[in-house]
Amino acid sequence: MGGAGGQAGGRCGSSLLLSGSGRGCTEGSAGPAPGAGRLAEGGKEAGGRDRSQGRTYAPALGFLGSRAERSRRAAQRRSADSGAAGAGGGGGGEAAGKEEEGESRSRPASMGRLAPRPLLLALLSLALCHGRVVKVPAGTLVRVVGTELVIPCNVSDYDGPSEQNFDWTFSSSGSSFVELASTWEVGFPAQLYRERLQRGEILLRRTANDAVELHIKNVQPSDQGHYKCSTPSTDATVQGNYEDTVQVKVLADALHVVPGVRPPPSLSLREGEPFELRCVTSTASPLHTHLALLWELHRGPVHRPVVALTHQGRFHPGPGYEQRYHSGDVRLDTVGSDAYRLSVSRALSADQGSYKCVISEWIAEQGNWQEIQEKAVEVATVVIQPTVLRAAVARNVSVAEGKELDLSCNITTDRVDDVRPEVTWYFSRTPDSTVPASHVLARLDRDSLVHSSPHIALSHMDARSYHLLVRDVSKENSGYYFCHVALWTPGHNRSWYKVAEATSAPASVGVTWLEPNYQVYLNASRVPEFSDDPTALECRVVDMKSVEASVRFTVSWYYRVHRRSDDVVPNELLAVMDGDWTLRYGERSKHRAQDGEFIFSKEHMDTFNFRIQRTTEEDRGNYFCVVSAWTRQQNNSWVKSKDVFSKPVSIFWPSEDSVLVVKARQPKPFFAAGNTFEMTCKVSSKNIKSPRYSVLITAEKPVGDLSSPNETKYIISLDQDSVVKLENWTDASRVDGVVLEKVQEDEFRYRMYQTQVSDAGLYRCMVTAWSPVGGSLWREAATSLSNPIEIDFQTSGPIFNASVHSDTPSVIRGDLIKLFCIVTVEGAVLDPDDMAFDVSWFAVHSFGLDKAPVLLSSLDRKGIVTTAQRDWKSNLSLERLSVLEFLLQVHGSEDQDFGNYYCSVTPWVKSPTGSWQKEAEIHSKPIFITVKMDVLNAFKYPLLIGVGLSTVIGLLSCLIGYCSAHWCCKKEVQETRRERRRLMSMEMD
């Protein structure tokens, strides 16, 4: 048993000790120690540290029961220890030595020498040992006889679900402790303290599961000493500190506080009068203490701090007294060496109550301040007599509109000293003067300065009567008027304090008002007969009665759709004018009014006009106006008082479709190429107001022209202002060859000089009728197209054909492609000098003709070549080989050059008059060009490169193999050398 016990090692995270510090973890046994009790939950052994001694110890587990139980368990533990030692015998010497070594580790540092440990091991011990620590306030607690002592105690790092038990012991000298109180054991306290516990002078108050407070009421000198708070533990190993001690000093009561006057007087004051209170205090404490003073005002259960002087000599005003303290109205002074004076220069109603002087004594212990006692004494009772103040205004007043309202506010007060009144007049719609909607009309401040609007005056006939004068009253002045009076008295440092205030009963004011009487008449001064005609409406106020100068008129314009049925149609607002002449547009007229089509104006005070610059069919309907009467208020605002409607006026005209007819004719029906073509267009219209015409000449190619069938071109135009413009006339040589002029207002003439065969087609006049809108604006009324006039040349001239030929329809990439465009002439024989051609080459890069042709190059009749830009590398050249033969060459052909190629030829023939006539454009049939790839040339270089690389790699492989066989794989064969001996004859042997 002894050997086994000696070999077993205990743990506390780590069995290391912090040398020289007196703090660390003790070694426990692997199994339960003899006689050690264990909780039902299986906790650790108890362990703790005496904080005041600074040592590590193993507390007795007897804290878990009564003293008899602890004695019994100690006897069992000693008998078990002696039995274990006897069982060990002589062979247990080694175990005993180890056990002794273990005991030496659990002893305090003063009882044995500890081997020095490195700092790293000490830090590791602190990191691994997390035991519980009992804490009480550090330092020394000082209390005065008769006060209450409170000592808190708590356990850190306690996470148990149940309440922790605490034991308190006391020692007057610090050596032997006497049981004082326990949270768990009823019979724990000594006989000396049981009576005080029963009387409640000593009690324990638990504040948490791991915290408790020791309360000692009416501290006595015998209570001075050391108080130890300890907690039982069932931990398996000793971890942490399980008790802590605090020292308490008890001083005699040497603090005296008395009021300045005995008995405490009762002061009766009026608001604004000064008063002073004194408090005398002294102390004869043997220690160096400091005094703190606080003046408190008691009004029933409410305690309000006035001003305080802290134990560090700092002044602090109470809440609500900051402004009065900084202004000097409330002061705290010292009188002599033991008196404190509270001075109030101007008493307020809030200063009424009982004043107490609270003195607290403080001591500095180890840098911390402790309040050791506090005493309070009632100094005086202050009663503030309220100031009598009343305000009265006449109850019911009636005044006519436009007249003056005069109200008087009479003040009654018992103050005759230096007080200044502040008078404020209020206006409200309701008789309740407390509503926040009350409006301030005028105010007379305590400096006799009046604050009011221009039409309101405030004056005072004497010190007790104040008059309110409202000029030019209106309906808006009907309501309730209040007079509010406040009395102010001067304070310290030019400050002012309100001593009383009162509000009069509401005065009901009624304003009699005469409604203006008038009629409204609407007249249409201009009625449209056609669409786009102007419309003018005049709205006039007539038969005005009882209309004063403070009334102004505004107008609102409305529109209603005209319908023959009896359906109800809503009115649409066009425009409305406010009392300040602000004009607001309705949704129907907003955009047209901004564009200037709708004009609203006011000609005179009683006349309003509405004008539509261009009346449309959508504007047809009924119109009426509403005239509003506005009355001016005192604040120069305007209030609407009456609306009068006019009778509606109908704006309507019968709508008929506009008719426009254009007839074209040709004075000279037969002419030849090179002559002048003339066409006149006659215009007639109906249901179009003051029309003006614009003419556009169009040309439509004959149906037989396959290149662009039925294509209409715009040649020349003339607008309604007689401005001529060339539209799509692209013949640069005949810029002045077309003329369009106005013969009459309804007749126009078109001429085309030096006509050519390419001018053949159908010509028409497109005429548009315009109606004036207003000013220089025009509106399109109708458009019509004339009958066609055909230009057809009856000639027996030559017929031109074009064809494409190529000797190389299939080429290899990179070869030259040659394409010939050959023009043939049939019919009349022409001199080569009388012929010229515009040649253009096109290509469709696809197997079919499903894509759009691409222009390659062109050559005009003057020999100028134009080539289009392309994305690949092949080049183009175009040349004229003869008068009728043209060559297109593609140099360095690419794969993209394949496709269908054709040429377009425009012949030019010189007429007998010497002018060149442009013939119809002709196209050749396409020819397909194929671009092939040269297989031999394509694979020649890759084959040569492959053969060369293969040869080089083979030779290199042979060289590497030879070198490897010659140098790396050579073996030396050691042959046995034979001895050469001659044969000897047998006889010699």
inquiry  = Could you check whether atom CD of E378 has more than 12 heavy atoms from other residues, nucleotides or ligands sitting under 6.0 Å from it?
reply    = yes
task = For residues S354 and L297, determine if any side-chain heavy atom of one lies less than 4.5 Å from a side-chain heavy atom of the other.
result = no
ask   = Does L149 reach the side chain of L141, with side-chain heavy atoms less than 4.5 Å apart?
value = yes
inquiry  = Would the distance check show the side chain of Q352 and the main-chain N or O of V383 forming a donor-acceptor pair, the cut-off being under 3.5 Å?
reply    = no
inquiry  = Can you list everything that forms a salt bridge (Lys or Arg N to Asp or Glu O under 4.0 Å) with R390? Sequence neighbours excluded, please.
reply    = none
query = Do you see a donor-acceptor pair shorter than 3.5 Å between the side chains of S173 and S175?
reply = yes
inquiry  = Going by the rule ring pair (Phe, Tyr, Trp, His ring centres under 6.0 Å), which residues pair with F170 if we only count those two or more places apart in sequence or in a different chain?
reply    = Y227
ask   = Just checking, is any N or O donor in the side chain of H290 or Q312 under 3.5 Å from an acceptor N or O on the other one?
value = no
request  = Sequence neighbours left out, what passes ring pair (Phe, Tyr, Trp, His ring centres under 6.0 Å) with W362? Give chain and number order.
outcome  = H311
query = Quick one: CG on L332 to CG on L293, what's the gap to the nearest 0.5 Å?
reply = 6.0 Å
task = Examine the side chains of E243 and T231 and answer whether a donor and an acceptor come within less than 3.5 Å of each other.
result = no
request  = For S156 and V133, indicate whether the former's side chain and the latter's backbone hold a donor-acceptor pair under 3.5 Å.
outcome  = yes
note = Nearest heavy-atom approach of W295 to V379 is CZ3-CG2, 3.5 Å
ask   = Side chains of Q373 and E361: donor-acceptor distance under 3.5 Å anywhere?
value = yes
key: Heavy-atom check, side chain of F166 versus side chain of N154, under 4.5 Å   = no
request  = Give the C-alpha distance, both sets of side-chain angles, the deciding distance and a yes or no for salt bridge (Lys or Arg N to Asp or Glu O under 4.0 Å) between D445 and R420.
outcome  = CA-CA 9 Å; D445 60 16; R420 296 186 183 182; over 6 Å; no
inquiry  = Between R341 and D333, does the salt bridge (Lys or Arg N to Asp or Glu O under 4.0 Å) criterion hold? Intermediate values first, please.
reply    = CA-CA 5 Å; R341 179 176 58 196; D333 305 320; 3.5 Å; yes
inquiry  = So T140 and V246, do their side chains get closer than 4.5 Å, heavy atoms only?
reply    = no
Distance in Å, N368 CG paired with I363 CD1, rounded so as to fall on 0.5 Å steps = 12.0 Å
note = Rounded to the nearest 0.5 angstrom, the CD1-OG distance for I372 and S285 is 5.5 Å
query = Rounded to the nearest 0.5 Å, how far does CG of L267 lie from CG of L277?
reply = 6.5 Å
note = Between the NE2 atom in H226 and the OG1 atom in T169, the distance rounded to the nearest 0.5 Å is 11.5 Å
inquiry  = Please check: side-chain N/O of R206 versus main-chain N/O of Q164, any donor-acceptor pairing under 3.5 Å?
reply    = yes
task = Run the numbers on W184 and D167 for side-chain contact (heavy atoms from CB on, under 4.5 Å), then give the verdict.
result = CA-CA 8 Å; W184 186 60; D167 292 338; 5.5 Å; no
request  = State the NE2-CD1 distance between H215 and I151, to the nearest 0.5 angstrom.
outcome  = 10.0 Å
ask   = Looking at R196, K249, R143, which hits side chain to side chain donor-acceptor pair (under 3.5 Å) with D223?
value = R196
request  = Show your working on salt bridge (Lys or Arg N to Asp or Glu O under 4.0 Å) between D414 and R270 and close with a plain yes or no.
outcome  = CA-CA 11 Å; D414 60 347; R270 301 181 69 85; 3.1 Å; yes
request  = Scan side-chain atoms only and decide if S282 and D338 contain a donor-acceptor pair under the 3.5 Å cut-off.
outcome  = no
Ion pair D351/R346, N-O distance below 4.0 Å = no
Note, L269 side chain near Q385 side chain (heavy atom, < 4.5 Å) = no
ask   = So do the side chains of I411 and L389 get within less than 4.5 Å of each other, counting heavy atoms only?
value = yes
task = Mark yes when over 12 heavy atoms from residues, nucleotides or ligands other than R205 sit less than 6.0 Å from its CZ; otherwise mark no.
result = no
ask   = With distance as the sole test, does E201 use its side chain to make a donor-acceptor pair with the main-chain N or O of R199 at under 3.5 Å?
value = no
ask   = Does L294 offer a backbone N or O that forms a donor-acceptor pair with the side chain of E296 under 3.5 Å?
value = no
ask   = Does K375 NZ have over 12 foreign heavy atoms under 6.0 Å away?
value = yes
task = Could you check if a side-chain atom of Y355 sits within less than 4.5 angstrom of a side-chain atom of F275, using non-hydrogen atoms only?
result = yes
ask   = Looking just at side-chain N and O atoms, do T489 and E271 make a donor-acceptor pair shorter than 3.5 Å?
value = no
key: Side chain proximity check, L342 to V307, heavy atoms < 4.5 angstrom   = yes
